[in-house]
Each structure stands twice: as structure tokens, then as C-alpha cells.
Amino acid sequence: PAAQSLMIFGIISLCQPWSLFLHQYGVTLTLIGLVAFMVTSKIAPDPEPEEDFIDDAVGALELHGEHPDDVGHRLMAQIQIRNVQKFFGQNQVLKDLNLTIEDGEFVVMLGQSGGGKTTALRAIAGLETVTDGKILIDGVEVQDRKAADRDIAFVFQSFSLYPHMTVRENIAFPLRAVRMDASERDRAIKEVADTLQITQHLDRKPSALSGGDMQRVAIGRALVRRPQALLMDEPLGVLDAKLREQMRAEIKRLHIARGSTSVYVTHDQIEAMSLADRIVILHDGVLQQVGAPDEVYLHPTNLFVAKLVG
């Protein structure tokens with residue numbers, strides 16, 4: 001502003017032809033003001049518009065798969081299964097299945113082998129197509145989407161770890177697939193390793209781990225990208241009794257800490273009773289009962305449920 005004032009005053013002086021002094025004075029002021037304006041323009045360039053800064057920040061968040069509104073919030077998902085049917089040839093394994101799993105809920109699907117619980121889980125994940133019906137995640141129909149487009153993590157009964165990679169590299173694999181920045185990737189790995197208490201194993205290969213630790217790594221790999229929902233298909237089935245008990249406590253603790261929507265398949269009544277907010281009982285592809293563990297145990301809807309839960 002000072003440089004501009006000098007220039008304006010100098011130009012006004014130049015417009016006074018009747019005074020030689022004012023004319024010369026005006027030339028001097030104009031030149032001084034022009035030089036000052038040029039110097040200050042180079043020293044203090046125009047600041048970046050606020051709108052551009054906000055756009056850049058939003059772009060940086062979206063680059064890592066985060067929406068700005070989601071920062072600092074838990075990612076959760078309501079899962080709805082509506083009139084789902086599934087045939088394998090002439091064999092119908094799911095019969096008009098209707099179920100709603102609420103945000104942050106831990107639901108256990110319980111039943112005998114061949115009851116349809118694993119098929120239902122795989123249908124939610126997109127690993128099986130449904131013959132008829134709808135599957136919705138947060139109100140969006142996903143039954144026609146690929147598994148990779150559903151933002152769901154799946155833990156299999158077998159550990160399915162890459163034997164040639166370290167624990168760190170196994171956990172990092174899904175983050176590398178989405179090209180996450182190295183520093184963000186390291187932070188996410190450290191967080192999940194601390195939560196699962198496997199930090200001391202990060203540089204080891206799976207062959208050097210116990211069964212329980214390998215399952216922790218498999219769960220960590222599923223959780224590291226913070227999916228909307230975590231699906232587990234009998235993840236403790238290959239562990240011995242003592243390890244199963246320890247891992248049940250770990251999984252429950254992890255669910256409480258993370259609060260993610262979780263669906264867990266088992267044929268073990270003890271697992272179902274100790275883990276579930278609600279138990280879903282399936283038999284021959286038909287939903288038998290849905291309820292809290294004590295409700296299912298004390299008030300079974302039919303003889304099959306009563307025998308199954310003891």
C-alpha cells in the first residue's frame with residue numbers, strides 16, 4: 001500500500017505543468033514507488049487461495065481411501081440379507097434367508113456342518129454369488145459387486161499367510177495393493193501389531209511362529225486397512241483347546257477395542273456363547289433362531305436349537 005501511495009502521489013505531481021519543482025518531484029516519487037512495488041511483489045507473492053488449500057487436503061485424504069468426514073471416526077457397517085437363496089445345482093443351501101446385522105455388532109452364525117452358515121458368510125463377502133435376493137451394506141446393494149469392491153475383510157480357517165514374507169510384509173500386503181504411502185503404511189502396521197501383541201514377531205517368517213501367533217497375523221492382515229466389516233470362518237478350528245480359549249479372549253478384546261461389525265462362523269457352542277452379541281442358528285439353509293446367547297439358551301424356539309445349544 002505504501003508503494004502504491006507513492007506512485008499515485010508522484011503521478012498527481014506530474015500532472016502540474018506550471019511547476020518545474022513539482023514535475024521533477026513527481027518523476028522521483030513515481031520511480032521510487034514503482035521500484036518498491038516490484039520488490040515487495042517478489043518478496044511477498046500472493047498467498048494460495050483458501051479454496052485450493054482445502055481441495056489439496058481433501059485430495060490427500062481421498063488418496064489414502066479416506067473421506068474427510070470419516071477422519072477420526074470408526075468405520076462401521078450395517079449388513080442386511082433380504083430373501084437370499086442359493087443353489088448349488090439342484091441343492092438349495094440357503095432358503096429365503098433374512099437377517100440384519102447392526103453397526104458394530106458381533107454376530108456368530110452357529111450350526112452343524114452343511115447348515116449353510118459358511119455359504120451365507122461367503123455370500124456377504126462376495127466369494128459366492130447368490131441365486132436370488134439382496135445383500136446390502138450400509139443401505140447399498142452389493143450382491144452384484146466383486147469381493148474387492150465391498151470393503152470387507154475375510155479371515156479363513158487356514159492361516160493363508162505368504163511363507164516367503166515376514167510378518168511385517170504379510171500385514172503390509174493389502175496396503176501395498178492400494179499404494180498407501182510408506183510412512184502411513186508403517187504407522188498402520190505398528191498400530192495393528194501393538195493391538196494384537198505381535199510387535200516382536202514383525203521380522204520373522206510364518207514358519208517361526210506358533211499357531212496362535214499365525215492366526216493373529218492373519219487377523220492383523222485383515223484389520224490393517226480398517227474394513228467396514230470383519231468376517232471370520234471358523235478361524236480357531238485348527239488350534240488346540242488351550243490356544244482356542246486364549247484366542248477367543250483376544251478376538252473379543254479386539255472387537256471391543258475396534259468396534260467393527262463382525263460376523264463369525266462356528267459349530268462350537270462355547271465359542272458362540274462367549275463371543276456373540278447375538279447368535280444366528282441355521283439348519284439345512286433355514287434360519288432357526290436369532291437372539292442373545294442367554295435368550296437362545298433359555299428360550300430355544302424348537303427342538304433342534306435346544307439340542308444344539310445344550
Side-chain angles (χ1 to χ4, degrees), residues 70 72-79 101-110 117 121 124-125 151-161 167-168 170-172 174-175 186-202 204 206 209-280 291-297 309:
D70 293 332
H73 293 79
R74 268 186 305 156
L75 286 178
M76 298 190 296
Q78 182 193 63
I79 300 171
I101 300 167
E102 299 296 343
D103 288 345
E105 191 174 26
F106 197 118
V107 166
V108 174
M109 291 186 175
L110 177 65
K117 55 190 185 299
L121 191 75
I124 295 171
D151 193 19
I152 283 178
F154 200 102
V155 179
F156 296 90
Q157 183 174 359
S158 59
F159 306 131
S160 301
L161 301 177
V167 168
R168 187 189 307 277
N170 267 280
I171 295 174
L175 303 181
D186 290 342
R187 182 196 60 77
I189 292 169
K190 183 181 184 304
E191 179 184 341
V192 77
D194 288 345
T195 301
L196 290 165
Q197 300 174 7
I198 53 173
T199 305
Q200 69 275 22
H201 301 314
L202 285 175
R204 297 181 182 178
L209 304 179
S210 67
D213 287 332
M214 282 194 283
Q215 194 58 285
R216 286 187 179 94
V217 175
I219 293 171
R221 186 176 60 186
L223 288 175
V224 71
R225 61 183 183 84
R226 289 190 173 273
Q228 286 188 297
L230 176 64
L231 311 184
M232 293 171 276
D233 185 13
E234 302 199 49
L236 310 183
V238 298
L239 303 181
D240 61 51
K242 186 175 181 179
L243 266 179
R244 286 171 72 95
E245 185 177 350
Q246 292 175 355
M247 285 304 299
R248 278 200 300 268
E250 285 288 322
I251 289 171
K252 189 65 176 180
R253 181 183 64 82
L254 191 63
H255 172 73
I256 293 171
R258 289 275 178 136
S260 57
T261 304
S262 301
V263 187
Y264 187 105
V265 162
T266 185
H267 60 269
D268 187 311
Q269 298 91 329
I270 297 175
E271 279 184 14
M273 291 291 181
S274 60
L275 289 172
D277 295 325
R278 286 192 302 156
I279 297 175
V280 175
D294 58 345
E295 178 187 350
V296 170
Y297 183 79
V309 298

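Residues Ala77 and Thr261 approach most closely at O-OG1, 2.7 Å, considering heavy atoms. Of all the heavy atoms in Leu202 and Ala193, the pair that sits closest is CD2-CB, 4.0 Å. In plain terms, the two heavy atoms of Ile189 and Val224 that are nearest each other are N-CG2, 4.2 Å. Scanning all heavy atoms of the two residues, the minimum distance from Ala276 to Pro293 falls at O-CG, 3.5 Å. Across every non-hydrogen atom of Pro227 and Asp151, the tightest pair is CA-OD1, 3.6 Å. Counting all heavy atoms, side chain and backbone alike, Ala218 lies closest to Val155 at O-CG2, 4.4 Å.
For Asp294, there are no salt bridge (charged side-chain N to carboxylate O under 4.0 Å, His left out) partners at least two apart in sequence or on another chain. The side chain to side chain contact (heavy atoms under 4.5 Å, CB included) test applied to Ala272 returns Val108, Leu110, Thr266, Ile279, not counting sequence neighbours. Residues satisfying the side chain to side chain contact (heavy atoms under 4.5 Å, CB included) criterion with Ser160, sequence neighbours excluded, are Phe156, Ser158, Arg221. With sequence neighbours excluded, no residue satisfies salt bridge (charged side-chain N to carboxylate O under 4.0 Å, His left out) with Arg204. Under the side-chain hydrogen bond (donor to acceptor under 3.5 Å, both in side chains) criterion, Gln269 pairs with no residue, sequence neighbours left out. For Glu105, the salt bridge (charged side-chain N to carboxylate O under 4.0 Å, His left out) partners at least two apart in sequence or on another chain are Arg278. Among residues two or more places apart in sequence or in another chain, the side chain to side chain contact (heavy atoms under 4.5 Å, CB included) test is passed with Glu191 by Arg187, Arg226, Arg258. In this structure Arg168 satisfies the side-chain hydrogen bond (donor to acceptor under 3.5 Å, both in side chains) test together with Asp203, sequence neighbours excluded. Listed by chain and residue number, Arg216 satisfy the salt bridge (charged side-chain N to carboxylate O under 4.0 Å, His left out) test with Asp213 (two or more places apart in sequence, or in another chain). Lys252 is linked by a side chain to side chain contact (heavy atoms under 4.5 Å, CB included) to Ile256, Leu275, Asp277, counting only residues two or more places apart in sequence or in another chain. Every ring pair (Phe, Tyr, Trp, His ring centres under 6.0 Å) that His255 has, sequence neighbours left out, goes to Phe106.
Between Leu121 atom CG and Tyr264 atom OH the span is 11.5 Å, to the nearest 0.5 Å. Rounded to the nearest 0.5 Å, atoms CD1 (Ile101) and CG (Leu231) are 8.0 Å apart. Residue Gln197 holds its CD atom at 5.0 Å from CD of Glu250, rounded to the nearest 0.5 Å. To the nearest 0.5 Å, atom CE of residue Met247 and atom CD of residue Glu271 are 10.5 Å apart. In this structure, CD on Gln246 lies 12.0 Å from CD1 on Ile251, to the nearest 0.5 angstrom. Atom CG of Leu209 sits about 8.5 Å away from atom CD1 of Ile198, to the nearest 0.5 Å.
In this structure, Leu254 and Leu223 have side chains that are in contact, with non-hydrogen atoms separated by less than 4.5 Å. Looking at heavy atoms from C-beta onward, Asp233 lies out of side-chain contact with Gln157 at the 4.5 angstrom threshold. Here the side chains of Arg244 and Asp268 are in contact, with some heavy-atom distance below 4.5 Å. Residues Leu175 and Arg225 have side chains in contact (heavy-atom distance under 4.5 Å, counting atoms from C-beta outward). Annotation: side chain of Pro206 is not in contact with side chain of Val217 (no heavy-atom distance under 4.5 Å).
With Ile171 as the fixed residue, the side-chain contact (heavy atoms from CB on, under 4.5 Å) test singles out one of Leu196, Val192, Leu161, Ile219: Val192.
Counting only distance, with no hydrogens or angles, the side chain of Asp103 and the backbone of Gln78 share a donor-acceptor pair below 3.5 Å. With hydrogens and angles ignored, the 3.5 Å screen pairs no side-chain donor or acceptor of Ser260 with any backbone N or O of Ala229.
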Under the criterion salt bridge (Lys or Arg N to Asp or Glu O under 4.0 Å), I'd like the reasoning laid out for Lys190 against Asp186: C-alpha separation, chi angles, the key distance, then a yes or no.
CA-CA 6 Å; Lys190 183 181 184 304; Asp186 290 342; over 6 Å; no
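The ring-ring contact (aromatic ring centres under 6.0 Å, His included) analysis of residues 222-245, with sequence neighbours excluded, yields no pairs.
Ionic pairing of Lys242 and Glu245 is not present here: no N-O contact between side-chain nitrogen and carboxylate oxygen is shorter than 4.0 angstrom.
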